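These numbers come from the heavy atoms of this one structure, side chains and all, not from hydrogens, waters or symmetry mates. Please read these numbers as outputs of a predicted model, since none were measured by experiment. In what follows, every chain begins at residue 1, and chains take the letters A, B, ... in the order their sequences are listed.
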Amino acid sequence: MDVRESIKNLIREALLGLGLDASVEVHLERPANSQHGDWSTNIALALAKKAELVPRDLANEIKRVLEELYSEDISAIEVAGPGFINFYLDKSWLYDVLVQVVTAGSDNWARLGEGEGSEVIVEFVSANPTGPLHAGHGRGACYGDSVARLLERSGYSVAREFYVNDRGTQMDLFAASLAACVSGRDVPEDGYHGTYIKEWAEEIPEGDDPLVWGKQRALTAHKEVLSDLNIEFDSWFSETSMVESGAIEETLSMLEEANASYQRDGATWLKSTEYDDDKDRVLVKSDGEYTYLLPDVAYHLDKLQRAERLVNVWGADHHGYITRMKAAVESLGYDPKRLDVEVTQMVNLQRSGEEVKLSKRTGDIVELSEVVKEVGPDAARFTYLLQSIDTTQTFDLDLVSRRVNENPVFYVQYAYARIRSMMKKADEVGFEPLPISEIDLSKLQHSRELVLIRSLHELPEIVARATRELAPHQITTWLREFAADLHGFYHDCRVLGDEIEPSLTQARFVLMQGALIGLEVGMHLLGVSAPEEMWRDEVESSEGDG
RNA sequence: GCCCCUGUAGCUCAGCGGAUAGAGCAUCGGCUUCCGGAGCCGUGUGCGCAGGUUCGAUUCCUGCCAGGGGCGCCA
């Protein structure tokens, strides 16, 4: 049993012994300050009122009973602060953790089974095929892929989907813009004015339909840059395909039968106000054309039949659509809780200190492919996943590419490469690792060593929380802290060398194997590569040679 | 006017209702007998404002202020 559970059980036992309510949730936390022990509980604070005692007095009561119960694994119990009960454990539990990590390996450490194979569809990016992806799409792309990776590691069966709006007003405008360029006319005022329109127009083979060709051109561009970012979709779901299959008309009938729609002013409306929306929304315009909403509802119906849970990643400018989509889903009898819409806030791109506006319509955009080309896929992914999607992000291309020493991704990858380098050296000097059962891990006593094992122990919880909250930046944060701990270890503790006792070398080698596993798990979840080596760029020598 | 996100150190950001609120960068000062110095150690300033809930609030609730985004028979 996990140490944590056994301590919790001990606490419950103690509560029973005092005649207190043992059915309450016992919170056992790792104190932020390591001087406060290995584990800490606030149970005395939580129950003090009911017990009609001062928290510290109750804590001391509980401590007294615990001391009669506890096993030799616990070396001390203390009451501290306003009434926390702190547990100090024998270090042996950490060595057990290290064995578990190394035994599990990077494929299995922090792999959770909670999903139990249930199906999840993660839909993300879903940009219109009317032009290249821009830097803002990169955030949703990296976020969505990382969320999919988290869900996979937690045992869900995940499909990555890209919804393609390959028909409708915007597509027509796009095609018209291309056609105008081809024939040397001005692009329509409400058309697309990006410079890529001219470039693409020059590529169109004579006689090809600009809409059909343009869609393929855009999709090719999307796939290419996403592939560069190491993102592969399981399916590209076409809106047009639902016209052909009749799914859209079918959805319209279903809404009608559910009494969720009505006719007014020649249009068909969704009664979304019955589900907290400000106003009802148009499904079919008076000219007979669908709005964006109706096909998307049809798509969501399709997804709901294929998966238990849906995760959508939308940009901040689409947040207003959440209510109406959930209204549609609910009015058709589905539980809206099965649909989880995550909204990514805007990305403000900077270059040379100047803000670059990200608007596809003005033509003044920075394409995602430029970002990837400029900073590289690893730095791009890591940077997009550096912070919570709830905050507006400032992505400084200069910072991420030019000044590498300020770039966290290199810090983390370098920690990995250093260990790899040490292991290569070990191989060269003929070091032979013993089977783990023959290694005395209790040689690991340095605080630099112990902190690493504690972090490795935390990783499964971090993965669980990041999955629960769909927040991959928590993995990024863990990685940065773990890398810092590793650099600290590397600085203070040598693994190889004549002055290091052979048994300590063996123990530290195991620790480094565990560290590699932690880094690999974390970097894999972010979709960032773990390089075995990375050499400093040749620094251009300063002028003159003194 | 309504809806969503944000407001924490000079800057960029972490912070699952708890103890002395943390990192990176920037500043300043140290560390080359080193498995890779892209490293390590030290150095100080902060929770937008006001209420509420709570034993305890940066965290939850309400209001206000500020910034960003959205409110179309566009997507």
Tabulated below should be each protein N or O lying under 3.5 Å from an N or O of nucleotides 42-44 of chain B; please produce it.
none

**Asked** Strictly by modelled atom types, are A:S529 and A:D378 linked by a side-chain donor-acceptor pair under 3.5 Å?
**Response** yes

Just N and O in the side chain of [X]: are any of them under 4.0 Å from OP1 or OP2 of [N]?
{"X": "A:K424", "N": "B:G36", "result": "no"}
{"X": "A:R494", "N": "B:C40", "result": "no"}
{"X": "A:Y416", "N": "B:G36", "result": "no"}
{"X": "A:K279", "N": "B:G72", "result": "yes"}

Could you list all N or O pairs between the protein and nucleotides 3-10 of chain B that sit under 3.5 Å apart?
from: B:C3; atom 1: O2; to: A:H319; atom 2: NE2; distance (Å): 3.2
from: B:C4; atom 1: O4'; to: A:H319; atom 2: NE2; distance (Å): 3.2
from: B:C5; atom 1: O4'; to: A:Q345; atom 2: NE2; distance (Å): 3.4
from: B:C5; atom 1: O2'; to: A:D390; atom 2: O; distance (Å): 2.0

Please report, to 0.1 Å, the donor-acceptor pairs under 3.5 Å made by any side chain of residues 477-490 of chain A, with sequence neighbours excluded.
from: A:T477; atom 1: OG1; to: A:H473; atom 2: O; distance (Å): 3.1
from: A:W478; atom 1: NE1; to: A:S455; atom 2: O; distance (Å): 3.2
from: A:H487; atom 1: ND1; to: A:R418; atom 2: NH1; distance (Å): 3.0
from: A:H487; atom 1: NE2; to: A:Y411; atom 2: O; distance (Å): 3.1
from: A:Y490; atom 1: OH; to: A:R418; atom 2: O; distance (Å): 3.3

A:H487 atom NE2 is separated from B:G39 atom C1', nearest whole Å, by 7 Å

From CZ of A:F482 across to P of B:G24 the rounded distance in Å is 17 Å

**Message:** Could you check whether the side chain of A:N42 and the base of B:G18 have a donor-acceptor pair of N or O atoms closer than 3.5 Å, going by distance alone?
**Reply:** yes

(Q) Looking at A:S286 and B:C73, is any side-chain donor or acceptor paired with a base atom of the opposite kind under 3.5 Å? (A) yes

Between side-chain atoms of residues 50-59 of chain A and protein atoms elsewhere (two or more places apart, or another chain), which donor-acceptor pairs fall under 3.5 Å?
from: A:R56; atom 1: NH1; to: A:G81; atom 2: O; distance (Å): 2.6

Residues of residues 470-481 of chain A with a heavy atom under 4.0 Å from any atom of RNA chain B, listed by number, are A:H473, A:T477, A:R480

Encoded 5' to 3' (Watson-Crick or G-U under 3.5 Å; [ ] crossing; | other strand), RNA chain B becomes (((((((..((((....[...))))..((((.......)))).....(((((..]....))))))))))))....

